[in-house]
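Values in this document were obtained by computation on a predicted structure and should not be read as measured data. Chain letters run A, B, ... following the sequence lines, proteins first and then strands; every chain starts at 1.
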2 protein chains.
Amino acid sequence: MVRFMDKDSRSDVPLGRRSPMATTRVMVADRNVITRVGIRSILERNSGMAVVAEATTYEAVIDGVDEHGPDVLIIDLDLGDDTTRGLKLCEEIADRYPGTKILVLANTLSEMIVVEALRRGANGYMCKDEVKADELGKGVKAVQDGDTVLGRGVGSLVARGLGSTRGVHEHLTDRELDVIRAVAKGLSNKQIAHEIYVSESTVKFHLQNASKKLNAHRRAEIVHRASAAGLL
Amino acid sequence: MVRFMDKDSRSDVPLGRRSPMATTRVMVADRNVITRVGIRSILERNSGMAVVAEATTYEAVIDGVDEHGPDVLIIDLDLGDDTTRGLKLCEEIADRYPGTKILVLANTLSEMIVVEALRRGANGYMCKDEVKADELGKGVKAVQDGDTVLGRGVGSLVARGLGSTRGVHEHLTDRELDVIRAVAKGLSNKQIAHEIYVSESTVKFHLQNASKKLNAHRRAEIVHRASAAGLL
DNA sequence: TAAACACCTAGCCAAATGGCTAGGTGGGCG
DNA sequence: CGCCCACCTAGCCATTTGGCTAGGTGTTTA
């Protein structure tokens, strides 16, 4: 079952279905102290859950999950300078620790990232700026129950995306990202070619492919979209 | 006095200097519930301060300050779709309510925004992702005391910036921002000209000026910088 | 093994861009 | 009153770009 949390769909979330004594054990991964404290407060006070571990780096997430085996991992994919690594982390956790459900709590809302995260094993995706206090606890409970949760705004975004393009799961390759990052620095194709030791043609090739994947037609737009997706 | 919070300079913050009974009254403006709860927890539990009001929109900030007259306003400049409005808000608060000190707590760290905020009356600038739990309370106390506080990373950034370019306070005009936002959408100069009802020459003119101010040489770089500064 | 994929290269051409000079207007401020 | 500033326009020209077609390699995977 997939739960959308747009509008007033909150009423359909069945509360008290689970054994009331089984405290949900949560782990929080976010580089931001304020956010960690906030999540802890909300979860422990209002939902009777226990935050058993925290992490601020990609490495610490693995260690924490391994050591504490939480029921749910709330994670911000951006734990360093590379969101892509957060996605890989999702995959690894989902793979090695199937008992731990993953709820992504992101700063930015990008269709591409959402789809990628879900594809790689995340059980839910919510946006920090959109989520209401009570929704957080409900979201955690839902993913623990095995549901897929899409927070406010996320659901409609994905639905819209799925309708428009067939694949959508088209993610940028490493090389394409290299080129995009260079473009963001204001380099010309020639300069980029020189920087990454390939011909100018190759740079253009990667850029063309990236354009199609991001549905952009100008390098400025590519940079904008990549930036909005937290990719650079 | 300006306090930098890089490295281990925390030891030089004089604690207990103020009357121990005068509880600091704080107002928090941030669209993100988690952040609001987090700040409240940190401040009330560890520093004995009181969060007397919260706000999630630009309008509500003014109302809250007017009604509660907090000692310190902790604000995220990005309360909507336009960070520029947050800057104007700073100016207005500093102007009309000099009794309320302003501590900006930003998501992103951009030299331009920092300088602009301070120029318009903010008393401190900290970055959410960099700040440590204890620094938040100390920062609030410091701005209340009339000091200017620059959080970890912010101080060095500004110092570096001040040394490099003479002016730096060069901020983008409204029109330049219009054009940059259009560029980010992937429009050509011709399309932009049509969209904002000016000639193509004018679009190029604004872009050239923006290039100089942002020290960029290609539109992709302009978009990147503006994006990093939270301007689009 | 064949397909799929990331990656690399070449050339073509119209269109867009960057970098400049050289003008114009109206509003605000010392 | 000048002066600065945001804003608007024009033209020039070398360079860059977008979009295309048409190849090539090596690795992974069904």
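Between A:E221 and A:R225, at least one side-chain nitrogen of the basic residue sits less than 4.0 Å from a carboxylate oxygen of the acidic one, meeting the salt-bridge criterion. Ion pairing between B:K185 and B:E195 holds under the 4.0 Å rule for side-chain N and carboxylate O. With salt bridges taken as basic N to acidic carboxylate O contacts below 4.0 Å, none links A:E92 and A:R120. Classification of A:K128 and A:D76 as a salt-bridged pair holds, one side-chain N sitting under 4.0 Å from a carboxylate O. Under a 4.0 Å N-O distance rule, the pair B:R31/B:E54 does not qualify as a salt bridge.
Base engagement by A:Q208 is indicated by at least one non-hydrogen atom pair under 4.0 Å involving a base atom. Within the nucleic acid shown, B:K204 comes within 4.0 Å of at least one base atom, counting heavy atoms only. Contact annotation for A:T202: base contact, defined as any heavy-atom pair under 4.0 Å involving a base atom.
In this structure, the CZ atom of A:F205 is 13 Å from the C1' atom of D:dC20, given to the nearest Å. Between the CG atom of B:L207 and the C1' atom of C:dC20 there is a distance of 15 Å, rounded to whole Å. For the pair A:N189 CG and C:dG18 C1', the interatomic distance rounds to 15 Å; values are reported in whole Å. Rounded to whole Å, the distance from CG on B:D174 to C1' on D:dC7 is 11 Å. Nucleotide C:dT21 holds its P atom 8 Å from the NZ atom of B:K212, rounded to whole Å. Distance CD1 (B:I222) to C1' (C:dG19): 12 Å, rounded to an integer number of Å. Taking atom NE2 of residue A:H206 and atom C1' of nucleotide C:dC5, one finds them 13 Å apart after rounding to whole Å. Here C:dG18 presents its C1' atom at 15 Å from CG of B:L214, a figure rounded to the nearest Å.
Ranking D:dA6, C:dC8, D:dT9 by closeness to the B:V198 side chain, first place goes to D:dT9. Minimum atom distance to the side chain of B:H217 is reached by C:dG19, of the listed D:dA10, C:dT17, C:dG19. Nearest to the side chain of B:R218, among C:dG18, C:dT17, C:dT9, sits C:dG18.
Between A:T173 and C:dC7 there is a side-chain N or O to OP1 or OP2 distance below 4.0 Å. Checking the phosphate oxygens (OP1, OP2) of D:dA10, a side-chain nitrogen or oxygen of B:S199 falls inside 4.0 Å. Taking 4.0 angstrom as the limit, A:R219 places a side-chain polar atom (N or O) nearer than this to OP1 or OP2 of D:dT17. Using a 4.0 Å cut-off, some side-chain N or O of A:K190 falls inside it from OP1 or OP2 of D:dT16.
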